[in-house]
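Down below is the structure, laid out as structure tokens.
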Amino acid sequence: MPNNANQSNTYQPETLAVHAGTVRSQFGEHSEALFLTSSFVFENAAQAAARFIGEQPGNIYSRFTNPTVTMFEERLAAMEGAEQCIATASGMSAILACVMGVLKAGDHVVASRSLFGATVNLFNNIIKKFGVETTYVSATDVAEWQAAVRPNTRLFFLETPSNPLTEISDIAAIAAVAKQCGALLAVDNCFCTPILQRPLGLGADIVIHSATKYIDGQGRVLGGAVLGSKKNMESVYGFLRTAGPTMSPFNAWVFLKGMETLKIRMDAHCANALELARWLEAQPNVARVFYPGLPSHPQHKLAMKQQKAGGGIVSFEVKGGKAAAWRVIDNTKLLSITANLGDTKTTITHPASTTHARITPEARAAAGITDGLIRIAVGLEAVVDIQNDLARGLA
Ligand SMILES: *Cc1c(COP(=O)(O)O)cnc(C)c1O
């Protein structure tokens with residue numbers, strides 16, 4: 001922010017979302033500039049040498065740093081209350097950079113059973129090849145986290161609310177267990193964004209983002225971020241600079257613009273989701289609604305303490321299993337049938353046959369993902385239009 005205003009902790013998150021990180025070039029542009037350049041020119045050989053050995057700060061090459069990407073990093077760091085943010089090419093490369101930076105062969109991870117599918121795949125099929133084992137535990141039962149700890153446990157990993165059942169993990173309680181055994185707690189904050197939840201303030205060590213979702217908010221580009229203390233981020237940045245899954249400057253520029261409307265979009269997503277969840281609860285053909293903002297949610301109290309609002313994701317179970325769920329989905333005209341989320345456009349998906357199709361029916365049942373379950377990522381349309389679109393198939 002100009003005039004060092006981003007040094008201040010006194011601004012509200014929505015103010016930081018608009019101003020933090022902005023650096024103006026010599027032209028004095030008001031909107032953040034897009035620096036589409038792979039490399040940077042030095043004034044002389046001595047300056048090049050000083051930059052390369054790290055004696056003089058400054059840009060060298062966009063795999064290392066880029067001014068537009070740096071503005072994105074500074075802005076998100078200010079919003080999450082983090083010392084440092086490292087931008088990545090996608091949410092998955094943020095998780096990869098985190099584990100490659102923090103873990104080594106022989107280390108052990110304790111992770112929530114309710115993680116994004118590709119994250120589970122990364123732990124089970126990629127990180128495992130390098131000698132890192134993962135134990136999965138309940139998202140909600142803190143005692144299971146404690147019981148899973150081994151002498152070599154280095155990382156706890158969770159996302160809250162979970163997808164698609166919106167289970168809430170108690171970040172402060174799980175952070176306390178992690179601290180006690182010398183492990184770091186990483187929280188994937190994609191569903192809440194810093195507008196609704198700030199995990200570092202609750203004791204987490206690392207925050208992960210898929211900026212692809214709400215931070216962009218309009219379904220245009222992929223990106224991610226890892227945030228934490230300078231100390232914890234050093235090896236994460238080292239991995240990124242060498243291996244190269246860095247954020248494109250163009251995508252960083254899109255995210256900077258997205259963040260400026262994040263507060264009003266999140267408020268609207270949450271208000272729409274709450275209204276839709278209440279309406280769904282009153283429908284005779286709906287067996288159950290999963291939404292943290294409803295008093296019927298098993299962890300409603302914890303959710304309302306930990307988050308500013310219930311978020312934009314609502315799941316519900318229709319009576320009549322898969323046939324009934326598919327009937328609801330196939331009778332929509334306005335809603336997009338896609339697994340993406342965090343868009344202005346409402347999306348609808350059948351987890352059992354899409355995002356969770358590759359796990360066994362037994363494992364699905366154990367996870368509570370029934371054949372009648374539908375997940376909705378509520379967008380910014382009028383709620384009455386979303387209701388009417390669902391009512392046809394629910395009748
Ligand atoms: C989408 C998503 C990711 C992965 O992000 P990409 O940007 O698609 O790589 C990780 N975690 C959660 C919770 C997500 O929803």
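Note that the structure is a prediction, hence the values are computed from the model and not measured. Counting starts at 1 for both ligands and their atoms, in listed order.
- Within a 6.0 Å radius of CD in Glu234, other residues, nucleotides and ligands contribute 12 heavy atoms or fewer.
- Counting only residues at least two apart or on different chains, the ring-ring contact (aromatic ring centres under 6.0 Å, His included) pairs with a member in residues 122-164 are Phe123-Phe157, Trp145-Phe156.
- Aromatic ring orientation, Trp253 versus Phe250: tilted (interplanar angle from 30° to 60°).
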For a distance cut-off of 3.5 Å, show me each N or O of ligand 1 paired with any protein N or O, plus the separation.
from     : atom 1 : to     : atom 2 : distance (Å)
ligand 1 : 5 (O)  : Ser210 : OG     : 2.9
ligand 1 : 7 (O)  : Gly91  : N      : 2.8
ligand 1 : 7 (O)  : Ser210 : OG     : 2.9
ligand 1 : 7 (O)  : Thr212 : OG1    : 2.6
ligand 1 : 9 (O)  : Gly91  : N      : 3.0
ligand 1 : 9 (O)  : Met92  : N      : 2.8
ligand 1 : 11 (N) : Asp188 : OD2    : 2.6
ligand 1 : 15 (O) : Lys213 : NZ     : 2.7

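- Ring centroids of Tyr291 and His297 are separated by 6.0 Å or more, keeping the two rings apart.
- Just one of Glu159, Gln306, Gln197 meets the side-chain contact (heavy atoms from CB on, under 4.5 Å) condition when paired with Cys192; it is Gln197.
- Ring planes of Phe42 and Phe52: perpendicular class, angle over 60° (limits at 30 and 60°).
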